[in-house]
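Letters A, B, ... are given to chains in the order of the sequence lines, protein chains preceding strands, and every chain is numbered from 1. Nothing here was measured: the structure is a model prediction, and the numbers come from that model.
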Protein chains: 4
Amino acid sequence: MRGSKKWSEMDSVRDEIFNNAIRLFAKKGYFSTTIRDVVEKAGVTQPMVYYYFGNKEELFITCIKELYSDFRHKYDEIEKDISFKEFVEKYTRLGEEIFSSNPEKLLLMIHFLYSPEEYPKFPELSEIITRPLKIIIEAVRRAKSRGELAKGVDEYTVALVLFGSMVMTATIIYNAEYFDLKIPITPDKFNKTIKKMLFDSILRKK
Amino acid sequence: MRGSKKWSEMDSVRDEIFNNAIRLFAKKGYFSTTIRDVVEKAGVTQPMVYYYFGNKEELFITCIKELYSDFRHKYDEIEKDISFKEFVEKYTRLGEEIFSSNPEKLLLMIHFLYSPEEYPKFPELSEIITRPLKIIIEAVRRAKSRGELAKGVDEYTVALVLFGSMVMTATIIYNAEYFDLKIPITPDKFNKTIKKMLFDSILRKK
Amino acid sequence: MRGSKKWSEMDSVRDEIFNNAIRLFAKKGYFSTTIRDVVEKAGVTQPMVYYYFGNKEELFITCIKELYSDFRHKYDEIEKDISFKEFVEKYTRLGEEIFSSNPEKLLLMIHFLYSPEEYPKFPELSEIITRPLKIIIEAVRRAKSRGELAKGVDEYTVALVLFGSMVMTATIIYNAEYFDLKIPITPDKFNKTIKKMLFDSILRKK
Amino acid sequence: MRGSKKWSEMDSVRDEIFNNAIRLFAKKGYFSTTIRDVVEKAGVTQPMVYYYFGNKEELFITCIKELYSDFRHKYDEIEKDISFKEFVEKYTRLGEEIFSSNPEKLLLMIHFLYSPEEYPKFPELSEIITRPLKIIIEAVRRAKSRGELAKGVDEYTVALVLFGSMVMTATIIYNAEYFDLKIPITPDKFNKTIKKMLFDSILRKK
DNA sequence: AATGAATGAGATTTCATTCAT
DNA sequence: GATGAATGAAATCTCATTCAT
């Protein structure tokens, strides 16, 4: 066995590159992250990036794609036949889970969403970015057809409110120390309030 | 006439640089925007950037600061003694105005907010970035103290919901074609719905 | 005035790059000539190549094109209404002139001709390479129609014989020391003999 | 059958490397041919090149030497006591044979001859490259001493004419499509004419 | 005999920045 | 104010080569 780490501690070279790339891309963006940054953090040599990923652009795309398929899988597991209340419950809990276990993963997706032109283009981009929004939109639609919602509720706005406020909250928490912010918010607290706000405003009063 | 420019043409070099820099920083981020990009779009020569702005970092900082003072001025004009309903009314209308007249200005601030580490740091940064949020937080606080809000409403979450959903909506609209999105949302429509949602959920029922 | 050279000795940076590039491309080929080779010989810095020529490929293409237009001009000056004898006279003298004044120029064209796939492709390639051959072919044709040639003479073969043997001779002389060759041939001697051979074999006996 | 290859498959790895190396060196030159190019075409792995040939330079040298011994053998079979007419007959037919059966072999030698500095140097180089020329020179000399030639014929020029025009013709035919040339020449046609030209011009009239 | 993984050195290219005029 | 020319430093990427198995 090479090196001094135990097997269980030893990430493969590819994984080491992959994970550090995500972290750096999430923090500094695609362009200001250099291959040298990545390999230094990963403790590997430069050509390894090219060996495993082809080039910088493909490294980035691979990161996004793998994260995406991971996310997608989790979001797709939310059942379709649950009530809107339950949906929001699960949706927000899922976001909270992903964020606390690995904020970088979430932040990279967000970063990408907010500055698409900074990044390499690839065909599946649109699908990846709009997926979480579409999931909410569909859930609102189903709720509507089941008569759960108040009249005149626009599914797109609801989606933007839920998604946008989650994303903003994650960002603010993630960058809290950077901004020297003293906003006493936690994912947990946020989730409680957003749920209350949503339910109060859009569910049909019985 | 020789040797003398009209007023409207004066400082055109500086302005060209400034405006195109904002546009490019907003679209591609700080790092992937090169001085060459800027001067090409602006139709001036490279040393002019250094003559007027010192260097790339200062160019960026100057852009942010000037935008900020512009924004600040407008947001500061919102009166303190109005009802929360009126505040939201004015706040959202202001956002809509800025976005439609010059989306890049707004987008640059947003972009910066989401990836602070990608950009140069400077002392006033934190203040600038968190200002719009703080304005909402204070408005909620005042509303609370005036007894306008339902019990248990958390001012931070409300701020994040309002701000986050505005930001997300602006981003989605701005990047609509890029994402090939068919979400039929307009700032106007969004504003109507977010206001209704907010008021239904957080204002005290009389 | 910068540096210590007198004006008349001072080649511009662009010329310095250009001339040394030709020399090196001619000697070592496109691929094994590095930009560093060029700039070291030229006594300039690397970015200057990109400033004046864009990139390595364009540097090469520019070299070929400029040489070509130079050659073309000279070859086009050969009159059309002269006898075949005179044509060969002028054609060979021209080759001799170019070769002795600047063998690299000729050799680069030859090098290119012999290994087209090693080089960047560009549209005018075909025209450039085949031009000198076509000039001979046309001259043979004109001679034929004027009844100067013996029956059954194939213009393509004549062109290949004249052109091929000139090219080979130039190459052998240019690489003489490299190959440690003791072939006592000079352009002058070669020209005399090739002319005699051609005239003896293809001109119509009176 | 397991573990045992048929004879025809034995050494296939070495052969694959060897043959594809020749093809690529002939087409793209030494420098722009990469080991990866070779192993990809050959369908083997990189270390195999080092196992069988040591390194790139030795791979190239081995290619040249093996080709050379092949050529040498064939050219050495041309008898010394035949007439010059017969010599040219056999010499040109041999060139035609080699070219049609495996043009790359011929082209690699030619390519090398034209740009020696692009290739690795090795002791036997000079001998190898100048061999075919020397064979003609000697033949002309023998013809002279047998009184077959007209007066004043220079053996070097004759060698250069025969060799140079053969080489040029082979090159033009090989690269015809690349150059988009419409020169209707074939090895066969060329051989007929070059022989006629040579004999008409340098053989002693009886 | 064969391979996947790894590497040091070096190639091309770009970028922010400055100098001389 | 303005410019063409120039530069040092660094980024991306490739290549021949080797190691461990």
Contiguous Watson-Crick or G-U pair runs (3 or more, under 3.5 Å) in DNA chain E: E:2-21 with F:2-21
Check B:Phe31, B:Phe18, B:Tyr30 against B:Phe60 for a ring pair (Phe, Tyr, Trp, His ring centres under 6.0 Å) and give me the one that passes. B:Tyr30
When we call it a touch if two heavy atoms are under 4.0 Å apart, what does B:Thr33 touch: a base, just sugar-phosphate, or nothing? sugar-phosphate
C:Pro47 has its side chain closest, among F:dT7, F:dT18, E:dT7, to F:dT7
Determine: side-chain N/O of B:Tyr50 to OP1/OP2 of E:dT17, distance under 4.0 Å, yes or no. yes
Which of E:dT13, E:dG8, F:dG4 is nearest the side chain of A:Thr45? It is E:dG8
Just how far, in rounded Å, is P of E:dA5 from CD1 of A:Ile17? 12 Å
Within the 3.5 Å criterion, strictly below it, is a donor on B:Tyr68 or B:Glu124 matched to an acceptor on the partner's side chain? no
Would you mind reading off the distance between A:Gln46 atom CD and E:dA5 atom P, rounded to a whole angstrom? 20 Å
Just N and O in the side chain of A:Arg36: are any of them under 4.0 Å from OP1 or OP2 of F:dT12? no
Roughly how far, to the nearest 0.5 Å, is the CD atom of D:Glu104 from the CD1 atom of D:Ile110? 11.5 Å
Would one find a side-chain N or O of C:Tyr51 under 4.0 angstrom from OP1 or OP2 of E:dT14? no
